[in-house]
Amino acid sequence: MELSKNFEHKASEEKWYGYWNEKKYFHSTPDGREPYTVVIPPPNVTGVLHMGHCLNNTIQDILVRRARMMGKNACWVPGTDHASIATEAKVVQMLREKGIQKASLSRDEFLGYAWEWKEKYGGIILQQLKKLGCSLDWGRTSFTMDEDYYKSVIKVFIDLHEKGIIYRGLRMVNWDPVGKTALSDEEVIFKEIDSKLYYVKYPLADDGSKFMTVATTRPETILGDVAICVHPADERYKAWIGKEVIVPIINRRIPIIADEYVDAEFGTGALKITPAHDKNDNELGRKHNLKALNTLDEEGRFTSVDLTDENPSELVLSYNKVDRFELRKKIVDDIAQLNQIEKIEDYKGQVGTSERTGAVIESRLSLQWFMNMKEFLNRNPETLRSVMNDEIKFHPEKTKNTYSHWLTNIKDWCISRQLWWGQQIPAWYDAEGNYVVAATHDEAVKQYKAKYGQQPPNNGQLSQDEDCLDTWFSSWLWPMEVFKGISNPGNKDVEYYYPTSTLVTGQDIIFFWVARMIMAGYEYKQELPFKDVYFTGMVRDKLGRKMSKQLGNSPDLLELIDKYGADAVRFGIMFSSPAGNDLMWDEGSNDQGRNFNNKIWNALKLVKMWEGKQVTGSTLQVTGNKQPETENFAVLWFENRLNEVKAEVEQQFKEFRLSEALKTIYSLIWDDFCSWYLEWVKPGFEQPIDAAVYEKTVDFFEELMQMLHPFTPFITEEIYHELRVRKEGDDITIKTMKTSKSFDEKILKRGAQLKQDITAGRDVRANQQLKKSEKIDTLFIKTEDKDQYNLTSTILLQQTGSLEIHFTEDPVPNTFVGPSGSTMFYVAIKTNSTEKESSEGLIKQKKRLQEELDYLKGFLSSVEKKLGNERFVQNAKQEVIDIERKKKADAEAKIRAIEESLASL
RNA sequence: GGGAGCAUAGCUCAGUUGGUUCAGAGCAUCUGCCUUACAAGCAGAGGGUCCGCGGUUCGAGCCCGUGUGCUCCCACCA
């Protein structure tokens, strides 16, 4: 069948992905082979594929496909994360658009909508991964809220509670007033914002004419002030300590206290203490036995509930339900009315925002569930040790620092969220707030009886905690639970596939996810969860900006795949992807991918043209000890070259230098195979090709496609099937790759020399503007080792378009000269056109030779200087000196040859 | 405030233990070519004070110090 002009990616992608799937090539079951396991970092169930996913999953697919082709039992597990806060926010939004308020729904009703949403949109991102060609084991698709998974999360919670690692407590937490939930420290992102520093005057209680001025960025919290704090050594305020001042508007008398925490240099050196709305204030408050007066509700609006004892004024009551930012303005205005604002300065401050909703975080006192991470880490010291001693290898290595820093400064993890979408906390309460932790109500009642010695009041009913668990409290079990390692410990799958091999993920979730998976691995499997972690950088646009929906600089991946083909997109992103660094992505890289595909496709077309034109009777011998025939040098050389590059690529894979591996293969195919090898074996126009050479060429092509296949799976499978008629089940996806064999340096050197010689010949041709039909009469080669040309002279003649080749030891007068490696080239041209152009050509060539000569002389003098330096000769290694001597001799020989040529011109 | 990383051609980046002609690759640019696989191509060419300064060394893109400029992480000085 006639091949299309270019590679047609659409048909090919559809055909092969369906075929691979049908053949279950990506499905893995435990067997005698060595496993290679990768678990996908589960994307948000409602997410869509973006460039970050593209990079991340392409890398995983490359690793998995390569492992599969190396004969390992490769298993790549797909799945999604329920992403509690993100998904819940989306569902709430969707309901709002329908005119339904979350507050008007029961928990079950809400979850009904959420599951409906999940069923509808949950599979999209997985379908998109198929488009990208990802060889995931779809039979193992997991979801962090699957029934078993859910139970496992609960089981772990109960277990850690029993071990005393999980506790409930009233603590300052990061509160998201938009999501109306607590967040862990990791979910808070600090941003620098322009704000104001307000200097507020607090009158002294004893003497209303005197004021204490306090600088604050948050005047809206003033009504919650319970003290003013100064540094004990601050001379300005020593006399004030122990006295009282009056809080503006609310007119509360509060003490002036002293604590070394205060920085006398900042603002006025006096700090107002609001224990209900600031973490540090809260600590100070506890230390000095101060009350915490809450003045903001869960939505960040003013509330006077804690102020009722003080008979709040009309003004204070008028603040009720006013949003915190509006409140700030109002209070500042009202204090200004009282003449108690001294001044307002511009100020740049850090403000915490919610990772998911973007809302400014409030510190809020709240009863939440926590995990004592220090204690947990003490139980599992391997968590840090295994990474630091490279048992778990981080790539790039610098990420180890980040990891160790976080672990050594680890804080308690707030794991409860005031959300419904997620695993509901298995704690059960009576009306008084006494609680037990258990998986079911029945179990809870039993425990209650044991703990409190009686039936739960209220007819034996306990009510379950309304909150659910942080998403990461489920995803940290991912590498185990996708193999049911928690819900069904010791099963065949988990024993075979765990620990997994490589984790590929972003540096941004090293704490959220990677660290916690390692801890969980040691706690529940007494083993590391993976052996290598490959951290990808961030995908940025070519201006270096993060890709984001807001900026509109994030391309639609499916459109790209449609336009360029999945192979080209994969190629593009890998080609511009330095390991572990951020990558500047530009749509142009897809062009390069497409061009490369086109190049390979055309090579296929060329080879296919020879298919029917083979003649047998070949003397081809490329293996064994016999001296190969001259005309088969091309085959001999490429075989060696292939093995050389294979070894290189194997090393690059070992070091996870995937981008470089791709570049190496790219150059092997484009330069060595297409530009050199195929030209060397290409028969003349309408001429037949040696059948054995043809077979070897197809073999090479096949091996090249195997090397490339992990990067661009579709075109390589397509070409594999075009090259030969295949038996059922003979597909590149599952074909085992041959590893590198030894190669002969001598052959490679001759190949390199041959390339140089051909280039030198072309150079002369180009300079003398020879037409393709015009032949070089004689090629003179001045060399001391003419034997090295035994194998290559035929190719040399053909490739330079020469009629004859002569070896000489002397310069050849009246010829054109082209230095090539360690030899000299003299070209005698006898054509109609040369005579009229030769004088011009000679001048040109004289100039070039002169330039070459100047360079060589400069080079020689630098080498001579080096060798003339006694200290160099004394100190340098012998081999370095020998190299310098050889450089000197070579340069001298060349200079002599060029001078002779110049003289003869 | 603490820590980490980066700086090499117009752009994106390689450059391993300090020593081969080491100053590289791809893209972009320029010059020739529609040569019977490929113009999405072929054959060539130009382009760099290896961020500045100082040091170690026979020898530094590479090691040390220092300055500058970027990036990231950690840390709620109100």
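Keep in mind that the numbers below use all heavy atoms, side chains included, and drop hydrogens, waters and symmetry copies. Everything numeric in this text was worked out from a predicted model, so none of it was measured.
- Distance A:L407 CG to B:C74 C1': 13 Å, rounded to the nearest Å.
- With distances taken from any side-chain atom of A:N875 to the nucleotides B:C58, B:C74, B:G26, the minimum falls on B:C58.
- The separation of B:G18 from B:U8, taken at their P atoms, amounts to 22 Å, rounded to a whole angstrom.
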What N/O pairs connect the protein and nucleotides 9-16 of chain B at under 3.5 Å? Give each pair on its own line.
| from | atom 1 | to | atom 2 | distance (Å) |
| --- | --- | --- | --- | --- |
| B:G15 | OP1 | A:R657 | NH2 | 3.1 |

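- Taking atom P on both B:C27 and B:G41, the two are 9 Å apart, rounded to the nearest angstrom.
- Under 4.0 Å is where a charged nitrogen must lie from a carboxylate oxygen, and between A:E611 and A:K608 at least one such pair does.
- A:I361 has its side chain within reach of A:D176: a pair of non-hydrogen atoms, C-beta onward, lies under 4.5 Å apart.
- At a threshold of 4.0 angstrom between heavy atoms, the contacts of A:D263 include nucleobase atoms, whether or not backbone atoms are also involved.
- A:Y199 comes within 4.0 angstrom of no nucleic acid atom, judged by non-hydrogen atoms across all strands.
- Between A:P177 and A:R324 the shortest side-chain heavy-atom distance falls below 4.5 Å.
- Side-chain proximity of A:K411 to the nucleotides B:A75, B:A78, B:A4 is greatest for B:A75.
- Aromatic pair A:F596/A:F575: centroids not less than 6.0 angstrom apart.
- Atom-to-atom, NZ of A:K348 to P of B:C77 comes out at 17 Å; the value is rounded to the nearest Å.
- The salt bridge (Lys or Arg N to Asp or Glu O under 4.0 Å) pairs that include a residue from residues 214-224 of chain A are A:R218-A:E220, A:R218-A:E362, A:E220-A:R328, where partners are two or more places apart or lie in different chains.
- Every pair passing salt bridge (Lys or Arg N to Asp or Glu O under 4.0 Å) that includes a residue from residues 262-276 of chain A is listed here, sequence neighbours excluded: A:D225-A:K272.
- In this structure, the ring of A:F571 has its center no less than 6.0 angstrom from the ring center of A:Y564.
- Within 4.0 Å (heavy atoms only), A:E265 reaches no atom of the nucleic acid at all.
- For the C1' atoms, the distance linking B:G5 with B:A9 amounts to 23 Å, nearest Å.
- Checked against the 6.0 Å centroid threshold, A:Y694 and A:W610 do not count as a close aromatic pair.
- Electrostatic pairing of A:K279 and A:E283 does not count as a salt bridge here, judged by no charged N lying under 4.0 Å from a carboxylate O.
- Distance noted for atom C1' between B:G46 and B:U31: 10 Å (whole Å).
- Taking atom P on both nucleotides, B:A43 is separated from B:C6 by 37 Å, rounded to a whole Å.
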Pair pattern of RNA chain B in dot-bracket, where unpaired bases get dots and | marks partners in another strand, Watson-Crick or G-U under 3.5 angstrom: (((((((..((((.....[....)))).(((((.......))))).....(((((..]....))))))))))))....
Which letter, B, S or -, goes with each nucleotide of nucleotides 36-44 of chain B from 5' to 3', with contact meaning a protein heavy atom under 4.0 Å? BBB-BSSSS
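- Here, B:U71 and B:A28 have their P atoms 29 Å apart, quoted to the whole Å.
- A:N602 places a side-chain N or O within donor-acceptor distance of the main-chain N or O of A:N598, the cut-off being under 3.5 Å.
- Formation of a donor-acceptor pair under 3.5 Å by the A:T399 side chain with backbone atoms of A:H395 is not found in this model.
- Using a cutoff of 4.0 Å between basic side-chain nitrogens and carboxylate oxygens, A:D582 and A:R540 are scored as salt-bridged.
- Nucleotides B:G52 and B:U68 are separated by 15 Å at their P atoms, to the nearest Å.
- In terms of position along RNA chain B, the nucleotide closest to A:D671 lies nearer the 5' end than the nucleotide closest to the other residue of the pair A:D671 and A:A270.
- In terms of phosphate contacts, A:Y347 brings a side-chain nitrogen or oxygen within less than 4.0 Å of OP1 or OP2 of B:A78.
- Residues satisfying the salt bridge (Lys or Arg N to Asp or Glu O under 4.0 Å) test with A:D234, not counting sequence neighbours, are A:R236.
- Of the listed nucleotides (B:C74, B:C77, B:C27), B:C27 has the atom at the smallest distance from the side chain of A:Y666.
- Proximity note for A:R540 (side chain, C-beta onward) versus B:U71, B:C27, B:G5: the nearest is B:U71.
- B:G55 and B:U12 have their C1' atoms separated by 33 Å, with the value rounded to a whole Å.
- Put simply, NE2 on A:H405 is 14 Å from P on B:G5, counting in whole angstrom units.
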